[in-house]
Structure formats: structure tokens, C-alpha cells
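Labels below follow one simple rule: chain letters A, B, ... track the order of the sequence lines, proteins then strands, and each chain is numbered from 1. Note: hydrogens, waters and symmetry copies are ignored here, and every other heavy atom, side chains too, is used. Everything quoted here is computed from the prediction, not taken from an experiment.
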Amino acid sequence: MSKLKPHTLSGFMELLPARQAQFDRMVEILRQSYSLYGFTPLDTPLIEASEVLLAKGGGETEKQIYRFTKGETDLSLRFDLTVPLAKYVALNYGQLTFPFRRFQIGKVYRGERAQRGRFREFYQADIDVIGDGALDISNEAEIPSIIYQTFTALGLTHFKIRVNNRKVLNGLFDLLGLREQSADVMRTVDKLEKIGREKVIETLTGEFGVSPSAADSLLDTLEAADPITALNAYRGQNELLDAGITELTTVVNYMEAFGVPADHFTVDITIARGLDYYTGTVYETVMTEHPEIGSICSGGRYDNLAEYYTDKQLPGVGISIGLTRLFFVLEDQEMLNGELLTSPADALILPMTDDLAPAITLATALRGAGIRTQIHGEQKKFKQKLSYADKLAIPYALLLGEDEIAAGKVSVKELASGTQSTVAAEEAIALITAGLARRNTGKPIRD
RNA sequence: GUGGGUAUAGCUCAGUUGGUUAGAGCGUCGGAUUGUGGUUCCGAAGGCCGUGGGUUCGAGACCCAUUACCCACCCCA
């Protein structure tokens with residue numbers, strides 16, 4: 001009978017054990033980092049009622065969402081963590097304490113065509129702060145400072161957080177009479193880095209009817225070495241623009257106070273982010289050595305999170321790390337720390353007698369001392385058992401044969417050095433514990 | 001949704017204008033070494049050449065279709 005060929009769907013990432021351990025280590029660091037800033041963990045269902053997820057309607061979301069029916073129920077897989085958050089906050093408004101600070105790390109689904117670094121199922125690691133009625137601007141500076149801390153904790157050093165404010169862009173577009181098309185113009189401007197100044201001017205003059213001289217001076221402002229100074233020249237002409245400049249200036253000042261080093265963030269008034277619900281500060285983070293990868297983390301300020309579910313005004317600010325893409329890029333660039341301890345166990349017990357009781361007793365003692373332990377009780381040749389330890393990068397093999405049992409001892413072999421000594425169980429525990437403490441596990445990313 | 005490319009062993013890939021029995025490296029398994037892995041040496045297993053049709057005396061190579069995957073655009077993490 002012919003077997004079905006096993007395969008994993010395109011755009012779905014599946015990892016081998018050692019890589020999975022590295023991925024999980026990164027998730028663990030994100031949890032610690034987010035917790036450190038006082039965010040509470042949240043988990044919401046992967047599946048929601050379609051009407052909830054599609055409340056906003058129209059656009060890319062509708063095209064990309066995984067939607068299906070089970071019986072009579074119209075269901076969809078979540079495509080981000082923000083919409084579920086909006087539902088959650090609206091639903092539990094009465095029981096939550098504001099400002100509500102939550103983090104959520106989970107898989108989301110987008111039925112778009114997969115490509116390099118582009119997945120259909122991927123992890124997002126989000127943090128958001130939601131205010132009740134109002135939310136102070138200091139939050140807009142704290143969020144990127146968390147991103148700085150988080151990436152630093154992961155071991156990344158060559159990254160830069162770019163900050164902008166939608167009010168600045170919309171104000172500038174207002175001045176050019178582009179209020180109606182601001183979303184499209186914004187997307188064009190956002191591509192500046194990718195398609196170049198000439199193309200942007202071409203689109204602005206061709207598609208949006210901007211005069212060549214106006215387009216030129218807009219680009220001069222956008223590309224100015226010191227954007228804030230360049231923007232200040234426009235002060236007094238547009239209320240929205242003035243508000244944006246003030247906000248942007250405040251955010252930059254606060255970011256410095258939060259301890260984000262000047263070489264890790266920059267004001268870049270060309271970044272816009274596509275999502276149309278951002279209303280103020282927006283961010284994106286790029287790896288400076290690999291600009292071609294694009295943003296690995298982005299987000300911003302929105303004025304009304306849950307407008308489709310409640311009359312309450314719930315402004316917020318948040319950011320999302322595309323974990324799957326980040327991990328893919330790191331692997332691709334060979335930036336994953338190979339030294340990182342990814343073995344599933346610290347010690348492997350190799351029993352060489354038919355009676356496994358002594359091995360089990362020893363394993364219990366080791367585990368009691370916090371040593372991650374496996375027993376290799378299979379009917380395999382001794383060398384195969386050692387090879388198993390080697391393949392799984394288990395640092396210590398504990399040999400337990402007739403001789404050792406008779407002497408009340410165990411032979412401890414450190415695989416890396418090949419050294420071996422026969423000692424009592426308590427001594428073996430001390431030996432292994434000391435050895436493990438010496439191992440420098442380091443950060444997941446080698447940058 | 002639009003455009004381009006690829007499909008040969010578990011993996012990465014060779015395979016000459018179409019010609020007898022389809023190769024390599026890595027991995028796997030066995031042996032050298034019955035209580036010592038990782039290194040080395042020797043050996044073995046493993047392919048309906050994505051699927052269906054066509055051209056031909058003859059197809060892994062050529063043509064058509066189909067499916068899957070990859071790359072790019074759109075959009076985005």
C-alpha cells in the first residue's frame with residue numbers, strides 16, 4: 001500500500017527539536033521582559049466568531065482571513081492580536097483596571113501567499129496599554145523603551161527604532177490638499193526607502209496631482225537630516241501638524257529619559273505603517289545590518305481601540321514583534337547563538353544491568369537536585385546509547401553497571417572533554433551541578 | 001489577486017544535442033571497537049525522476065495539462 005507523503009503546508013513554520021528549544025528560549029525572554037514592565041499575560045481564543053473579527057469590514061483583512069463554518073456557525077482564525085484584545089477589553093470593561101497593560105504571545109493566521117520571511121501562520125508578541133477615556137503620551141515613549149530592552153535582552157545590538165507621528169504626516173498632507181487620499185499617499189511615502197525619491201515624486205505628481213515643486217519640497221522635509229527642525233519651519237500653518245510636532249518632540253524627550261540610547265532610535269518622518277487605525281505616534285524597528293528584511297517590530301498609538309464593540313472611548317498604544325519572521329531571519333543570517341544550551345536534558349543515565357531500579361533511583365535523586373535527567377532504558381548497544389547523548393547534546397552520561405552498583409557508585413562522563421570519574425551519587429550531583437553552573441548559556445542572538 | 005521560476009534518494013543538488021544498469025555530498029544503518037560517543041577507515045540500504053497525457057524505435061531530459069513548492073508584486077510581522 002502506498003503511503004501518503006507527509007508534508008507541511010506552505011507558509012507554516014515547523015522546527016526541529018534543537019531549533020524549537022531556541023525559539024522557546026526567545027519566547028521566555030520576551031515574557032520576562034514584558035513582565036518586568038508590569039504587563040499582565042493574556043490569552044484569547046485562536047478562533048472567534050467571524051462577525052467579531054470582521055466588525056470593521058472591508059480591506060485586506062477580509063481577503064486574507066481564514067474563514068470557515070462548523071455547522072451553522074461562521075468562524076474565523078484571528079489574524080492579529082489587537083482585534084481580539086479590543087473584543088476582550090470591551091467585553092470585560094467592568095472588571096478591568098485601567099490603564100490596562102497586557103502582553104500576549106500567540107499564533108495568528110493570514111491566508112496570503114507565502115514568501116521569504118512571510119508566513120501564513122506566525123507568532124506575534126504584543127504589548128498594549130489601553131486607557132479609559134484618555135491615555136498619557138508618556139506611554140508612547142515607554143513602549144519603544146520596552147522594545148529596546150527586549151531586543152537587548154535577546155542579544156540583538158544592531159537595531160534601530162524609528163519613530164514618527166501620523167499627525168505630522170496628515171498635517172503635511174493637509175497642507176498639500178491631500179486630506180482625502182492621505183492613506184494612499186502615506187503608503188507611497190512609506191515606500192520611499194524601497195522605491196527611491198524619484199518614484200515617490202512621480203507617484204505624487206502623477207497619481208495624486210501634487211505640483212512638482214510641492215512634491216519636491218515635501219520630500220526635502222521628509223528626508224531632512226534633522227526632521228524636527230525642518231518640521232518646525234511649518235509651525236503655525238496647520239493645527240494637526242503643530243500637534244504632531246509637539247507630540248513627536250515630547251516622545252523623543254521621554255525616550256531619552258527612559259534610557260534608550262540615541263544610536264538606537266531615530267525620528268524618521270517617512271515611516272507610516274500601513275494600518276489605518278494608528279492616529280499618533282508610530283514605530284517600526286529594523287535591523288541595521290539587514291535593512292532588506294524590513295520591520296521586525298511595529299506599532300503605534302490608536303485613539304479608539306474598541307469602537308466597533310462599545311461606546312466607551314478606549315485609546316491605546318501598542319507594538320507587535322513578528323516573532324516567526326524574526327526567528328527565520330536570525331536563522332537565515334546564522335545569528336542564532338550556537339552556544340545556547342538547547343539539550344533536553346543535563347544528564348543521561350546509561351543502565352547496563354537488566355534491573356533498572358538502581359538507575360531509576362539515581363534519576364530520582366538527580367531530578368530532586370534540579371538536574372534534568374533522562375534514563376536510556378532501551379535494549380540498545382552501549383555505544384548507541386552514548387551516541388544518543390551526543391546527538392542530543394546532553395553534557396553528562398552516567399554509567400551504571402554491575403561494578404558501579406556493587407561499589408555504590410556511578411561513573412560520570414563529561415562528553416565534551418571525555419573525562420570520566422567513578423564517584424558516589426551525591427558527589428556526582430555536586431560534580432554535575434558545578435559543571436552546569438560553569439556553562440555560559442548566553443543570549444539567544446549572536447549579533 | 002498579479003508576474004516569474006522550480007519539481008531527480010531522508011536533505012542539498014549533478015545528470016552532456018533524447019540512447020542500455022540514474023549519480024555525488026551530507027544524513028541513516030552495519031562493521032573496525034561484545035562497557036565508551038563525537039574524529040577516522042571499510043561496507044550497506046535507500047529513487048515509478050511530483051502527477052496525468054502526448055511526441056518518439058527509445059523520455060529524468062522535448063511538448064501540453066495539472067498539483068505542489070519557491071521568488072517577487074500587492075499588503076504586512
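- Checked against a 6.0 Å centroid threshold, the rings of A:F328 and A:F119 count as neighbours.
- In this structure, A:K391 atom NZ and B:G38 atom P are separated by 8 Å, rounded to whole Å.
- With hydrogens and angles ignored, a donor-acceptor pair closer than 3.5 Å exists between the side chain of A:R325 and the base of B:C76.
- Contact between the side-chain N/O atoms of A:S298 and the OP1/OP2 oxygens of B:A77 is found at a separation under 4.0 Å.
- Cation-pi check for A:R166 over A:Y278 is not met; the charged atom does not lie both under 6.0 angstrom from the ring centroid and within 45 degrees of its normal.
- Between the side chain of A:R110 and the base of B:A77, at least one donor-acceptor pair of N or O atoms lies under 3.5 Å.
- For the C1' atoms, the distance from B:G3 to B:U16 is 33 Å, rounded to whole Å.
- Phosphate proximity of B:C73 to A:K191: absent, as no side-chain N or O sits under 4.0 Å from OP1 or OP2.
- For A:Q115, a side-chain nitrogen or oxygen approaches OP1 or OP2 of B:C73 to under 4.0 Å.
- Judged by ring centres under 5.5 Å apart and planes tilted less than 30 degrees, A:Y388 fails to stack against the six-membered base ring of B:G37.
- A sub-4.0 Å separation between OP1 or OP2 of B:C76 and a side-chain N or O of A:K63 is absent.
- Using a 30° and 60° split on the angle between ring planes, A:F100 and A:Y88 fall in the parallel class, below 30°.
- Under 3.5 Å, the side chain of A:R113 and the base of B:C69 form no donor-acceptor pair of N or O atoms.
- Sequence order on RNA chain B of the closest nucleotides to A:Q420 and A:Q124 puts A:Q420 first from the 5' end.
- Residues A:F103 and A:Y34 bring their aromatic ring centres within 6.0 Å.
- Under the 3.5 Å distance criterion, with hydrogens and angles disregarded, a donor-acceptor pair is assigned to the side chains of A:N165 and A:E247.
- Heavy atoms of other residues, nucleotides or ligands lying less than 6.0 angstrom from CD of A:E28 number more than 12.
- Looking at heavy atoms from C-beta onward, A:I29 lies in side-chain contact with A:P444 at the 4.5 angstrom threshold.
- For A:E284 against B:A77, a side-chain-to-base donor-acceptor contact under 3.5 Å is absent.
- Taking a 6.0 Å sphere around CZ of A:R372, one finds it holds more than 12 heavy atoms contributed by other residues, nucleotides or ligands.
- The CG atom of A:L16 sits 11 Å away from the C1' atom of B:C11 (whole-angstrom rounding).
- Helical stems involving RNA chain B, defined as 3 or more consecutive Watson-Crick or G-U pairs under 3.5 Å, span B:1-7 with B:67-73, B:10-13 with B:23-26, B:28-32 with B:40-44, B:50-54 with B:62-66.
- A:S10 has no side-chain polar atom (N or O) that falls below the 4.0 Å cut-off from OP1 or OP2 of B:A68.
- Distances shorter than 4.0 Å separate some side-chain N or O of A:Q384 from OP1 or OP2 on B:G30.
- A donor-acceptor contact under 3.5 angstrom links the side-chain atoms of A:K413 to the base of B:U36.
- A donor-acceptor contact under 3.5 Å links the side chain of A:D390 to the base of B:G37.
- Mapped onto RNA chain B by nearest heavy atom, A:M352 and A:S295 fall at different nucleotides, with A:M352 at the one closer to the 5' end.
- Using atom C1' as the reference point in both B:G15 and B:A22, the two lie 8 Å apart (nearest Å).
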